[in-house]
Each structure stands twice: as C-alpha cells, then as structure tokens.
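Atoms within a ligand are numbered from 1 in the order they appear, just like the ligands themselves.
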Amino acid sequence: MYIVMIASECAPAAKVGGLADVVFGLSRELELRGHAVEIILPKYDCMRQDQVWGLHVSDHELWVPWDGGAIRCTVWFGFVHGRKCFFIEPHCAQAFFDRGTYYGFWDDPERFAFFSKAALEFLSKSNKRPDVIHTHDWQTALVPVLLYELHARAGLADQRVCHTIHNFRHQGVTGPGILRATGLDRPEYFGAPDRMGDAFDRHSINLMRGAILYANAVTTVSPHHAWEARHTDLGFGLGHALHLHQDKFVGILNGLDYEMWNPQTDPHIPQHYGATSLDRKAANTAALRERMLLRNGRRPILAYVGRLDTQKGLHLIRHAMFYALEQDAQFVLLGSGSEHGINEDFWHLKRRLNDNPDCHLEIGYDEDLAHLIYAGADLLVMPSLYEPCGLTQMIALRYGTVPVVRAVGGLKDTVFDWDYSALPPQQRNGFVFEHADHQGLESALDRALGLWRNEPALFHELILQGMACDYSWNHPGQRYLDLYEFIRHK
Ligand code: ADP
C-alpha cells in the first residue's frame, strides 16, 4: 500500500508532543511491514534541521491557490531518521512557518489551512496517488474536505482518508474567511451545523468537524478516549458529530517506537540496561541526581515529564511535588508550557525550591534530559484531567519506572493498578487513582512509595511486569493497516 501522512509534527525534527512521536512511529512500523510511506510537513524555521538527512529542494515552483491569488512554495525533501519527508515552504508576506515556534499565533487556522491545501496541491501536481492519506488533528483536518470538494476533480478521486484526532480540545475554530481563502467558498453551505459549523459559535467554522464529516475513517488514540469523546464532555462539543458518524469512528491505542525508546540502546543515557540487568538502572539514577543537583541517599525519585498544560492536572502535579517532599522522596520535573502564565508559575516554584536538595524543576524542552529522567527515576506521576492516550506512561513502563496515573483515557487502557486492578496480578504494572483531587493522588502515592520502601522485592516485580508489557507499534500498526484496507475497499 502507498500511504501519505500529512501532519504538523514528526519526531524528532518537528516535535511539540505525542503527535510527533505517533507520526514517526506509525510510519516506521508501516514501512517495516513493506508499505511505502511519505510524510508531508511544513518547513518550519525552528525545526531541528540536524535531524533531517540529505535535505534538498525537490520542487522550486509549487503554486498554491490562496485567497483569490496564489502563493509560491518550495518543496524540500529529506530523511528524518529514515522516514521520507517532504517539507513545504511558502514564500509570502505572512511568513506562515517562519515564526520561531510551532504554534500559538492568532492566525494558526489560516497557517495550517494553507499547509493542508498546499499538501494536496503537491500530491496533485507531482502525480502522487497514494491509496490512503492519513491526516492528524485540527491542523490537517481540512485535507479530507478539500480533497472531496475540490481536488477529486484534479486527479485525486480515488484517495481515501483516515483522520486521527489526538486532542479534541483544539479543533481549529475560525471565521468563515477561511472558506474563501481555501477556495471552498459557500459559507451558508459549509457553515451549516451538520457540516463545519461550530457547536458553540454558529458564526464560526470548525475544521475538526469537517474531518469527522468528510474522512472515510476517524480514529482517536485509545479505545477508552473514543468512548469518553462520544459520551462525556471530553468530546468538547464534537460528541454529537461522533455519534452521527459512529460507524467510522474507532479508538486505536497509540504505539511507542521501541527503537527510539529502548533502555538497552538509548544513546541519551549513560548506562544501558534491560529487564535482566535492572541493577544497572542505578547508574542512571546517580547520573540524574548529579545532573539535577539532588543529594544522594536511599530515597525514591518521583518524576513528571510533559507539557505544562491544564490538561495535565497542573494543581495535582504541584501537589505531588510537595507531597513527595513531605514523604521524604525526591521530585524532578521537566516541562514547558505554551501559556506564559503557566510557565511563570512554574518558574516561581523553581526559584522557591532552588536550594532544596531533593527537588529540581527544569522548565523547557530537553530531549536528552527526558530520556535520562525516564531511565533514572523510580516513579512517574501523570495526574491528567484528560489524556487521549499518553505516551509518557508507556515510555516509563519501558524504562522500568513505575507510573502513578489517573484513570482517564489512554492511561486507563495502559496502566493497571497493583492492588485493585481486575486483571490477574501478574499483568498489573502501576498505580491508578480515580478522582482528580488531593486525596486520590495521595492514596496512590502512599501505596507506591510504601511498596518502594517496605517491599523492595515486590516493587522489583512490579517494575519487571511493566517492562514486559508490549506497547510497541506491532499491534496498533496492524490495526491501522486493517482500517486502511477496509476504507480502500468500502
Ligand atoms: P502530549 O501528546 O499531550 O504532549 P504524550 O504523553 O502523548 O503527551 O507525549 C509527550 C511526548 O513529548 C513524550 O515523548 C515526552 O517525553 C515528550 N515531552 C513532553 N514535554 C517534554 C519536554 N519538556 N522535554 C522533552 N520531552 C518532552
């Protein structure tokens, strides 16, 4: 099969969060199974070009119709750790992707609508005819709409689209001007509530709503989150649309790239280890302490790695930190937020705890340090308010770091409580709490820290059970292939 991914991120060249890991990991898995995969991305000025090999211009003159005129783009080609990637660079006054950062601009919907249009224009003009186009999140949600409404007539009539929603909260809600810019026009038609009209603001266009309507298959990134999106407010207004299109909506758990995330070969960590050499993990713990200026001693290290976003349960992360310190444990945090206020709060906390020998906060994005934390910590906390899938807990499991998570979304599908899970004891791999409050979190942390302190042999067993879980792309890769086959022949 020939598959083209159109996405706004791909690890490690252009990564903000889990979306980037999924685009890379799924593509790699599909290629390993003998399929042809190409990825189309924006050419951001801030992307890590040192992670792209053989970057060269593949097309000087891609003219993309836009807002009554046309914008010239250069299309680049390069390999991101073996994946074939095309990068679209528009030349226009708006400098869509030359902003020094990936997201966070008032015209984000316009920037990515342009990218969606340009990607299709590129396929069309370069005679690429994939069997399946796989799009991701609101940034590329307009692709199935444009494909069906405009590009089918320009040679892309047989292409099928699978759209994956990684986060329902960000839907690409924008004014009807986007319809004129993209050439869709007809605001009364496209803006109708059963097409792309937004559920909360009837004057706005909801790009994600368009993908739900037009894609041949819609997925989200875990089975439990698929249920939550349809039946709770975690669909953020899209529950009804999902209900109407339930026949094509399914939850497929994300996989983890087991090559990139492998403690036996990880180039970012000082000491390699595996399930049969777990004692060597201690050298990484020592390196982590040294790097984070923590004192030595027999104390468990509790960690948080991830975006600093309200979604992640910020008040509970903060509480976990103080509670861990109270319980004579150590705490490390690596995170960054896109909201100024949130970063400020954590900078404030960092300054306040600057001299504490048991705590270190690192505000920013640091791939190397993330690997060292997974390898060196004992426990990883994830008290998310909602979590479509979550990769962090899967990485922790792979690195023998026990996750302590809230029972939501993909966390519920991947972490099974040591004491209370309905699964057989040998399949349990972490600690889980239900309610997003201090009590819930504390009770899970008490059990986790208690086992670490009082039952080291059992804690060791729990680590090994976590490391034995298979959250690789093996299984989800097959599920996506089955889905692609299904929509191709429907
Ligand atoms: P989300 O997609 O909501 O950001 P996930 O758990 O699915 O959350 O994926 C997060 C990914 O991003 C993981 O690979 C994690 O290691 C990485 N990550 C998040 N924040 C940082 C950071 N500040 N520094 C390094 N890596 C980070």
*Using heavy atoms and a threshold below 4.0 Å, how should the contact between W261 and ligand 1 be classified: side chain, backbone, both, or neither?*
side chain
_Looking only at distances, can you tell me whether any N or O atom of V305, backbone or side chain, sits closer than 3.5 Å to an N or O atom of ligand 1?_
no
*Under 6.0 Å between the ring centres of Y480 and H134?*
yes
*Kindly assign one of parallel, tilted or perpendicular to the pair Y399 and Y374, based on the angle between their ring planes and the thresholds 30° and 60°.*
tilted
*Is the ring centre of F168 less than 6.0 Å from the ring centre of H225?*
yes
*Find all atoms of ligand 1 within a distance of less than 4.0 Å from any non-hydrogen atom belonging to A370, and give their numbers and elements.*
25 (C), 26 (N)
*Can you pull out the closest protein heavy atom to atom 2 (O) of ligand 1? Residue, atom name and distance to 0.1 Å, please.*
G18 N, 2.8 Å
_Heavy-atom nearest neighbour in the protein, as seen from atom 19 (C) of ligand 1, with distance rounded to 0.1 Å_ = G306 CA, 3.6 Å
_As a test of understanding, state which of K312, K412, R406 forms a salt bridge (charged side-chain N to carboxylate O under 4.0 Å, His left out) with E387._
K312
*Please write down residue, atom name and distance for the protein heavy atom closest to atom 4 (O) of ligand 1.*
R307 NE, 2.8 Å
*Quick one: do the N474 and R33 side chains pair a donor with an acceptor below 3.5 Å?*
yes
*Of the side chain and backbone of D21, name the one, both, or neither that has a heavy atom under 4.0 Å from an atom of ligand 1.*
side chain
*For ligand 1, which atoms have a heavy atom of G335 less than 4.0 angstrom away?*
23 (N)
*Mind checking whether F115 and F97 have parallel, tilted or perpendicular rings, split at 30° and 60°?*
perpendicular
*asked:* Closer than 4.0 Å to some heavy atom of Y374 - which atoms of ligand 1 meet that?
replied: 15 (C), 16 (O)
*Nearest-neighbour protein heavy atom for atom 7 (O) of ligand 1, which is reported as residue plus atom name and distance*: L391 N, 3.2 Å
*Can you pull out the closest protein heavy atom to atom 6 (O) of ligand 1? Residue, atom name and distance to 0.1 Å, please.*
T392 OG1, 2.7 Å
*Do me a favour and list the nearest non-hydrogen protein atom to atom 18 (N) of ligand 1 with residue, atom name and distance?*
Y365 CE1, 4.1 Å
*Is it the side chain (CB and beyond), the backbone, both or neither of D309 that lies under 4.0 Å from ligand 1, heavy atoms counted?*
neither
_For H166, which part has a heavy atom under 4.0 Å from ligand 1: side chain, backbone, both, or neither?_
neither
*Name the one of D107, D108, D45 that satisfies side-chain hydrogen bond (donor to acceptor under 3.5 Å, both in side chains) with R99?*
D107
*Just jot down the ligand 1 atoms closer than 4.0 angstrom to any heavy atom of K312, in number order.*
1 (P), 3 (O), 8 (O)
_Distance from atom 14 (O) of ligand 1 to nearest protein heavy atom, with residue and atom_ = K15 NZ, 3.0 Å
*How close does the nearest protein non-hydrogen atom get to atom 25 (C) of ligand 1, and which residue and atom is it?*
D366 O, 3.4 Å
*Would you check whether G364 has a nitrogen or oxygen atom less than 3.5 angstrom from a nitrogen or oxygen atom of ligand 1?*
yes
*Could you tell me whether Y103 and Y44 have their ring centroids closer than 6.0 angstrom?*
no
*Output, in order, the C-alpha distance, side-chain angles, deciding distance and verdict of side chain to side chain donor-acceptor pair (under 3.5 Å) for E344 and H348.*
CA-CA 6 Å; E344 265 305 295; H348 182 72; over 6 Å; no
*Begin from the C-alpha positions of R295 and Q330 and carry the test side chain to side chain donor-acceptor pair (under 3.5 Å) through to its verdict.*
CA-CA 9 Å; R295 65 176 153 171; Q330 296 183 317; over 6 Å; no
*Check whether any heavy atom of V16 sits under 4.0 Å from an atom of ligand 1.*
no
*Check the angle between the aromatic planes of H268 and H371 and answer parallel, tilted or perpendicular using the 30° and 60° thresholds.*
tilted
*Within the side chain of K350, is there an N or O that forms a donor-acceptor pair under 3.5 Å with the backbone of L361?*
yes
